[in-house]
Amino acid sequence: MKLSLFLLLLPVTVLADVSYYHKRTVVPWEPKNATSVDQSVINDGYYYLSDRTNAAVHVVNVATGTLMADITGFIGLNIVNGKPDNGISGPNGLTVVPDHNQLYVGDGDGTVKVVDLGNNTVVASIHTGASTRSDEMAYDSTRQLIAVTNPEETVPVLTIISVANHTVLGNITFPNATNGIEQPAWNPADGYVYVSVPESNANPGGEIDVVDIEQLKIIKILQQPNCNSHGIAFGPYDQLMLGCSQDSIITYGTNHVAILDVSTGNVTATIPGIAGCDQVIYNPTTNFYYVSAYQNTANGTKQGTPDPLLGIIDAATHSLVQTIPTDNITAHSVAVDPKTNTLVVPLANIGIVLYDFDASTTTNDTGTTGTGTGTSGAGRPELVHLLLVAVAAFAAIVNL
Ligand SMILES: *[C@@H]1O[C@H](CO)[C@@H](O)[C@H](O)[C@H]1NC(C)=O
Ligand SMILES: *[C@@H]1O[C@H](CO)[C@@H](O)[C@H](O)[C@H]1NC(C)=O
Ligand SMILES: *[C@@H]1O[C@H](CO)[C@@H](O)[C@H](O)[C@H]1NC(C)=O
Ligand SMILES: *[C@@H]1O[C@H](CO)[C@@H](O)[C@H](O)[C@H]1NC(C)=O
Ligand SMILES: *[C@@H]1O[C@H](CO)[C@@H](O)[C@H](O)[C@H]1NC(C)=O
Ligand SMILES: *[C@@H]1O[C@H](CO)[C@@H](O)[C@H](O)[C@H]1NC(C)=O
Ligand SMILES: *[C@@H]1O[C@H](CO)[C@@H](O)[C@H](O)[C@H]1NC(C)=O
Ligand SMILES: *[C@@H]1O[C@H](CO)[C@@H](O)[C@H](O)[C@H]1NC(C)=O
Ligand SMILES: *[C@@H]1O[C@H](CO)[C@@H](O)[C@H](O)[C@H]1NC(C)=O
């Protein structure tokens, strides 16, 4: 008892132990246990997960933790020479178009499927012109345009689709990309789409290409801090979270994710201790980023033992506030419900896991974070840390 109280009185130690999230329930896989999934999203109380193994998008009711439907009509997992080939498989990336109550989903044959969320049915199939998969997307809600990547083409392509009439309006090629293209993200502040380019001739450590999707032009290139980003997500202000991939661990021995201020092109923070990411997201309600570090290693080196984690980063303080052990198979996907803050991660040997948010363990930073650079920790003064410590210590005394 004395020892645990002593530990509780060390603020830094205790902070790392604050658990915002607790596992609530598991939705079992069906019909088959999934070995290959892709992106996920939560909209209006429902979770949608692309599952290539089952050739479907699963629909889960977040409140009840039950599987409601499987949206079908996708290519599924293609096996070539005995090995799964994600490049010609689907469903893959997805995005909600809320004003039309639709979900756009990239499929394995270069088509984008439009799902009506009223009846969970594919109502249109749009061919991008690519012969390999259509993948990750951004939605420009002002112009009502979808930007979708076709990363496996010989020259990777970003295709622009009109939501109004499902016409392909054109595309942007990335001839300098040497390892495909990854997540695009729309920035409502300037109307541009930011594309994660993990590696290029000029920037082997990765770059973010700023695209004017109306003019179909790359207008600016921002260099990354040796990150080889896969997932990216806008947080508060012009802050772009870069989900540094396994390549950054292998090539540069870096063990971090980074935040890029897209208005200056400056890196405003690197958060050490977590890397190997795919999908990353931001939830304005908690003011947290969630990074799927499924290829993280225990000591941050390429020789390190696999230590797959879901990382939660406070956008105000830029600190890693919680990690949850995951897997290096399907846990490259992450979704969070902005209404309830429930977090969902698919785990290959377990099922779709729902974690609930405990608001009593946090303060509410939203809207009080000043410039968002986080260096001052304005949204969460030390006093609050100490208060949390005191509460935890009190709880420990009561329990013992
Ligand atoms: C689903 O809803 C859409 C839009 O209301 C409609 O066009 C389509 O026919 C419906 N599909 C089925 C199978 O009910
Ligand atoms: C690019 O867009 C045009 C339509 O403007 C389309 O015909 C073509 O197939 C697209 N190419 C690729 C590689 O997606
Ligand atoms: C489709 O809608 C877009 C606007 O989203 C418009 O620019 C384009 O001309 C329309 N194309 C057709 C064939 O109607
Ligand atoms: C490709 O790289 C060359 C040389 O750095 C540059 O001039 C050109 O603008 C780049 N093109 C694109 C589309 O990024
Ligand atoms: C951001 O970058 C600009 C231009 O590279 C530089 O002048 C400025 O000092 C940087 N600001 C910070 C806060 O590092
Ligand atoms: C934080 O505050 C915002 C605005 O008042 C509110 O909408 C949100 O639900 C709060 N979040 C939490 C976790 O209490
Ligand atoms: C990291 O862990 C691996 C496996 O245990 C070990 O071989 C390697 O030396 C470690 N590297 C460092 C820098 O600690
Ligand atoms: C995934 O993790 C397991 C141990 O959990 C390890 O044996 C395997 O090599 C890892 N695979 C990859 C691709 O990192
Ligand atoms: C499927 O996953 C469940 C856990 O959800 C496990 O108990 C079962 O053995 C798995 N089945 C197969 C065929 O791997």
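For the numbers below, each heavy atom of this structure counts, side chains included, while hydrogens, waters and symmetry mates do not. Note that ligands are numbered from 1 as they come in the structure, with each ligand's atoms numbered from 1 the same way.
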field: Those residues that, when tested against Asn255, pass side chain to side chain contact (heavy atoms under 4.5 Å, CB included) (two or more places apart)
entry: Ala275, Asn296
- request: Output yes when Asp209 and Lys220 qualify as a salt bridge under the 4.0 Å nitrogen-oxygen rule, no when they do not.
  value: no
message: Side-chain heavy atoms nearer than 4.5 Å, only ILVMFWY residues, links allowed to pass through others: does that put Ile213 and Tyr192 together?
response: no
message: Please verify the inter-ring angle class for Trp29 with His58; under 30° counts as parallel, over 60° as perpendicular, anything in between as tilted.
response: tilted
- request: Check each atom of ligand 1 against the heavy atoms of Asp116 and keep those under 4.0 Å away; list them by number with element.
  value: 2 (O), 3 (C), 4 (C), 5 (O)
Kindly print each ligand 7 N/O atom paired with any protein N/O atom under 3.5 angstrom away, one pair per line, or none if nothing qualifies.
unit_1   : atom_1 : unit_2 : atom_2 : d
ligand 7 : 2 (O)  : Asn299 : ND2    : 2.4
ligand 7 : 11 (N) : Asn299 : ND2    : 3.0
ligand 7 : 14 (O) : Asn299 : ND2    : 3.1

field: Distance-only donor-acceptor check, side chains Gln239 and Thr268, under 3.5 Å
entry: yes
query: Does Asn171 reach ligand 2 with a nitrogen or oxygen that is under 3.5 Å from one of the ligand's nitrogen or oxygen atoms?
result: yes
- prompt: Given Arg133, which of Asp38, Asp107, Asp85, Asp109 fulfils the salt bridge (charged side-chain N to carboxylate O under 4.0 Å, His left out) condition?
  reply: Asp38
task: Find all atoms of ligand 1 within a distance of less than 4.0 Å from any non-hydrogen atom belonging to Asn119, and give their numbers and elements.
output: 1 (C), 2 (O), 3 (C), 8 (C), 10 (C), 11 (N), 12 (C), 14 (O)
- prompt: Under the side chain to side chain contact (heavy atoms under 4.5 Å, CB included) criterion, do Tyr294 and Asp278 qualify, and how do the steps go?
  reply: CA-CA 7 Å; Tyr294 80 124; Asp278 194 22; 3.9 Å; yes
- request: Please assess Tyr21 against Thr342 for the test side chain to side chain contact (heavy atoms under 4.5 Å, CB included), listing each intermediate value before the final yes or no.
  value: CA-CA 8 Å; Tyr21 279 93; Thr342 296; 5.9 Å; no
- request: May I ask you to check if ligand 2 and Thr128 share an N or O to N or O distance below 3.5 Å?
  value: yes
